[in-house]
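Heads up, the thing below is written out as structure tokens.
A, B, ... follow the sequence lines: proteins, then strands. Residue 1 opens every chain.
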Protein chains: 8
Amino acid sequence: MELTVYLAGQIHDNWREQVVQKAKERNLPLKFVAPQTDHERSDNIGEDILGKQPNNLFKDDAASSINNFRTQVLMQKADVVIALFGEKYKQWNTAMDASTALALGKPTIIVRPESLIHPLKELSNKANVTVETIDQAIDVLAYIYE
Amino acid sequence: MELTVYLAGQIHDNWREQVVQKAKERNLPLKFVAPQTDHERSDNIGEDILGKQPNNLFKDDAASSINNFRTQVLMQKADVVIALFGEKYKQWNTAMDASTALALGKPTIIVRPESLIHPLKELSNKANVTVETIDQAIDVLAYIYE
Amino acid sequence: MELTVYLAGQIHDNWREQVVQKAKERNLPLKFVAPQTDHERSDNIGEDILGKQPNNLFKDDAASSINNFRTQVLMQKADVVIALFGEKYKQWNTAMDASTALALGKPTIIVRPESLIHPLKELSNKANVTVETIDQAIDVLAYIYE
Amino acid sequence: MELTVYLAGQIHDNWREQVVQKAKERNLPLKFVAPQTDHERSDNIGEDILGKQPNNLFKDDAASSINNFRTQVLMQKADVVIALFGEKYKQWNTAMDASTALALGKPTIIVRPESLIHPLKELSNKANVTVETIDQAIDVLAYIYE
Amino acid sequence: MELTVYLAGQIHDNWREQVVQKAKERNLPLKFVAPQTDHERSDNIGEDILGKQPNNLFKDDAASSINNFRTQVLMQKADVVIALFGEKYKQWNTAMDASTALALGKPTIIVRPESLIHPLKELSNKANVTVETIDQAIDVLAYIYE
Amino acid sequence: MELTVYLAGQIHDNWREQVVQKAKERNLPLKFVAPQTDHERSDNIGEDILGKQPNNLFKDDAASSINNFRTQVLMQKADVVIALFGEKYKQWNTAMDASTALALGKPTIIVRPESLIHPLKELSNKANVTVETIDQAIDVLAYIYE
Amino acid sequence: MELTVYLAGQIHDNWREQVVQKAKERNLPLKFVAPQTDHERSDNIGEDILGKQPNNLFKDDAASSINNFRTQVLMQKADVVIALFGEKYKQWNTAMDASTALALGKPTIIVRPESLIHPLKELSNKANVTVETIDQAIDVLAYIYE
Amino acid sequence: MELTVYLAGQIHDNWREQVVQKAKERNLPLKFVAPQTDHERSDNIGEDILGKQPNNLFKDDAASSINNFRTQVLMQKADVVIALFGEKYKQWNTAMDASTALALGKPTIIVRPESLIHPLKELSNKANVTVETIDQAIDVLAYIYE
């Protein structure tokens with residue numbers, strides 16, 4: 001039984017590649033989808049497609065409409081969502097994606113460092129499982145196939 | 001037609017009182033509900049009811065289970081959600097409440113300062129309306145009754 | 001049993017007042033809600049609240065976000081939707097409101113002149129009832145109370 | 001990941017063939033579905049199957065019941081909806097299909113010329129993305145696969 | 001706690017008056033709603049409002065669109081549905097109303113004579129409770145208040 | 001695009017075989033599912049599996065629980081429902097299946113002889129399309145693929 | 001803001017009266033609903049209304065259809081569910097009611113003694129809040145009004 | 001038509017292997033999924049992945065969060081649920097899984113010994129079919145393919 005996993009979260013390091021690599025090493029029949037991880041492309045996609053916008057507010061809104069479109073398409077295809085929070089940045093997209101996934105009944109794993117226990121406590125309590133490392137998240141996915 | 005408004009967002013200043021006061025001044029038939037705004041009580045509610053927990057992780061989880069219970073009860077009663085983001089703090093609860101409200105089809109207004117345009121762009125794009133001040137949010141509510 | 005009726009449709013004449021007046025004359029326990037019917041206010045509400053926008057596209061988008069917010073709040077309160085199409089204008093808002101109401105399971109009456117039979121045929125087929133005059137629409141509402 | 005795209009909109013020119021051709025040129029794994037695009041067949045399908053109807057109203061209603069049946073089947077299979085508005089015609093079917101898609105949570109792109117910004121502003125605000133050309137719509141679809 | 005009860009079923013005798021009377025005698029806080037029970041009015045309502053139709057098929061379709069509108073409005077207000085089947089007639093409306101109520105999650109009681117056990121067996125199995133007399137149906141409603 | 005069609009309706013003649021045969025002749029990519037069409041087996045399935053029941057009421061209820069289970073499994077897999085009414089029998093199962101399909105948003109075709117126009121008028125009005133012959137129903141399905 | 005609370009759980013002691021009394025002492029604006037708590041009446045309600053059944057299996061099934069009807073009506077009216085597990089009995093009704101409430105999105109509190117931590121761990125993990133005493137459950141309800 | 005069957009219930013004997021074996025012998029195109037059936041692994045999975053927890057309460061909660069995650073993923077993939085109750089143990093997980101499946105509209109078969117008729121009567125009444133043996137459950141599944 002192949003499952004599709006949406007990888008929500010920061011796009012500032014290569015954590016998604018690690019997830020994909022580790023799942024491959026363990027031969028898990030998982031397919032991964034994700035938001036645009038090229039940060040510059042993600043920020044510019046509105047103007048790249050729609051042309052120059054009047055100012056940064058509208059540039060951002062144009063980009064986010066297309067990023068949200070992409071996320072909605074891919075999350076609807078996902079059986080499981082993993083949302084990773086890092087120590088930096090606001091990461092409200094990650095919180096938005098995890099909350100939306102939970103409201104839609106998508107089984108959701110949150111990965112967050114110990115330092116974020118307090119600010120993430122309500123979201124973490126709502127999620128199915130909260131772990132601290134990518135390896136633990138993979139362990140949870142692997143458990144489905146035991 | 002009386003409407004119930006859930007006021008999601010930070011609990012570090014008196015913005016909710018301002019909303020209530022301004023709505024009253026304009027004679028809008030609105031009823032407001034909100035999360036626990038006594039920060040200490042909100043953080044301690046788990047141990048206050050369930051007793052001492054083993055460590056901060058479990059103290060936080062106990063508190064958040066009761067805070068989430070409260071939010072779920074009140075948001076289900078709400079016709080409209082206002083989510084205010086301030087310049088400080090992670091505010092993932094606010095992002096979670098706004099995203100959940102949107103996923104449930106609750107008409108939602110986001111209030112955020114200009115400085116947060118970029119990090120909030122995807123959530124802002126999903127919301128019905130995004131404004132910068134409490135007065136503008138009240139203007140939007142008042143518009144329903146024109 | 002009081003029912004709330006959302007009156008979708010053009011805002012260029014006083015048809016809503018006729019509906020309200022006729023319902024009153026027949027003592028029907030109906031409460032009516034509607035979009036902003038002051039055309040200028042409806043077009044300017046975005047700039048009225050959010051301030052000057054860069055150009056007409058963004059002025060329109062700002063206004064429509066607030067108009068859509070209003071419609072969503074009021075339509076969720078409605079038990080029945082009446083959507084009136086006149087002979088002029090594009091009236092895509094009316095088509096949008098009627099289609100949304102039908103997709104949400106709201107019982108919906110379409111009022112349209114004979115001249116619009118052909119272009120409205122698919123929407124008319126989807127609606128619960130299609131009539132040609134306001135009096136007929138009131139007759140249908142009155143029938144609930146017989 | 002193959003996606004199915006429903007192409008709502010006018011049936012008076014060959015825009016759908018352009019979409020299909022451009023998607024093919026860019027090797028996008030997309031499958032397209034659409035309403036009946038033979039205008040005469042679409043108008044006559046009720047009488048073609050059910051026989052002569054008493055007058056044009058009933059001819060139109062018979063046709064639209066079968067066209068709506070077809071649309072409902074195909075839109076339920078679609079992952080994404082593109083709704084194109086041209087400068088002529090009422091196009092209420094297009095507004096109906098786009099609104100229904102949005103109410104059902106289907107990610108939706110609207111394509112409309114600059115001249116229609118004002119009359120389409122509320123529907124455009126509700127859609128995920130609004131663009132002006134078919135190439136831009138294809139760009140948005142292609143972005144899912146980057 | 002007042003409950004609203006929709007009384008689906010044949011309109012050829014006075015069974016609804018019996019239900020209302022018996023509920024009143026037992027002081028049950030129930031409000032009853034029902035389809036049009038004047039058979040002739042129910043059959044003619046389409047032509048009464050929309051005018052003469054081309055033939056009986058279209059007369060029936062016009063009437064049924066308005067009857068279905070009424071039923072949809074009232075059933076959405078109902079907390080409970082009672083569907084009574086008599087020994088005569090096709091009563092497909094009754095089967096339709098009971099099935100729709102069950103699909104919508106409305107708690108539903110079927111009243112049917114012993115002679116209809118076999119033809120109604122699948123619908124009866126789906127209903128919450130099946131009884132043979134109006135008194136038994138009232139007993140079930142009264143049990144809610146014990 | 002292969003579609004699955006649930007064939008609801010009477011099990012007293014070979015109409016389903018005709019549907020399957022005609023679809024095959026026209027090379028339509030349709031897969032058909034249906035209730036148990038061996039009437040005796042359908043009536044006895046409760047006792048066949050669960051053993052002798054106390055009387056006919058309980059024999060019927062046991063059978064119908066298993067027939068309803070089968071229908072629910074197969075209808076959830078169906079993209080389209082065809083419900084055929086014949087001139088004889090109560091056929092409340094058919095009315096139940098068609099109504100349930102419509103309440104679940106399944107595109108539904110009703111096939112009924114002219115003699116049943118009046119008693120089926122409300123259900124027919126709710127269905128997407130109503131036709132009089134199997135050939136017409138196949139025509140409607142074929143139209144999806146034009 | 002008055003809330004309705006469904007009290008699921010064992011009917012072998014007076015715990016519901018304690019809940020009602022304590023809520024009253026604290027002036028909480030709560031309305032309580034519950035299953036039939038007269039154990040004998042609950043077991044006999046099927047035969048009381050429908051008459052003598054062939055054996056205990058059918059007596060039980062008749063009773064449970066009416067008990068389930070009552071529960072469905074009242075739980076749909078409830079804003080919150082409290083499910084109490086005692087140390088004795090199977091209490092599968094309680095587990096069923098709590099699970100149904102959670103699947104329907106009703107905010108749910110589980111009350112269970114320490115001795116049941118292990119067997120109730122999955123249900124407890126799914127519930128919003130789990131406590132050990134009635135006083136704690138009331139504390140959670142009271143927290144909504146702080 | 002291949003169907004996926006979720007096998008809820010006790011993990012203390014080899015009943016799932018019997019189901020799989022019997023389905024294979026009868027060439028039924030069924031795929032089976034289930035909870036973790038290694039009891040020790042199921043109880044320890046929380047600590048196995050997340051590390052030592054403060055006490056048994058938290059060990060159990062950690063395990064159950066991961067078990068619930070697994071169940072949610074697999075049940076969403078299931079077309080049918082079989083829930084088997086044995087004579088020993090509390091089996092609240094089984095009651096929770098069966099109730100959740102029913103609330104989600106999954107066709108559900110309960111298998112229980114005669115001795116459990118009374119305590120399971122309400123859940124049994126809600127299920128589609130209740131049988132006493134694994135062979136009978138397989139008979140019901142096989143009936144879908146007749």
Look at [options] and state which one has the largest set of heavy-atom pairs under 4.5 Å with chain C.
options                          : answer
K59(D), K90(D), E122(D), K126(D) : E122(D)
T100(D), T71(D), T130(D)         : T100(D)
D43(D), L104(D), L102(D)         : D43(D)
A98(D), P119(D), A103(D), A63(D) : P119(D)

Might you confirm whether atom [atom1] of [X] has over 12 heavy atoms from other residues, nucleotides or ligands at distances under 6.0 Å?
X       : atom1 : value
E114(D) : CD    : no
E146(C) : CD    : yes
E17(C)  : CD    : no

- Item | Interchain contact, Q91(C) with chain D, by part (heavy-atom threshold 4.5 Å) |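 Both parts, heavy atoms under 4.5 Å.
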- Task: Select one option (side chain, backbone, both, neither) describing which atoms of Y89(C) are under 4.5 Å from chain D's heavy atoms.
- Result: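 The answer is the backbone of Y89(C).
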Atom pair [atom1] ([X]) and [atom2] ([Y]), whose distance is rounded to the nearest 0.5 Å:
X       : Y       : atom1 : atom2 : value
N125(D) : N68(C)  : CG    : CG    : 5.0 Å
S64(D)  : L123(C) : OG    : CG    : 10.0 Å
S124(D) : L57(C)  : OG    : CG    : 7.5 Å

- Task: Indicate the atoms forming the closest heavy-atom contact of A95(D) with S99(C), along with that distance.
- Result: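 Reported closest heavy-atom pair: O-OG, 4.5 Å.
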- Going by residue number, which parts of residues 31-42 of chain D are within reach of chain C, meaning a heavy-atom gap below 4.5 Å?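 Result: none.
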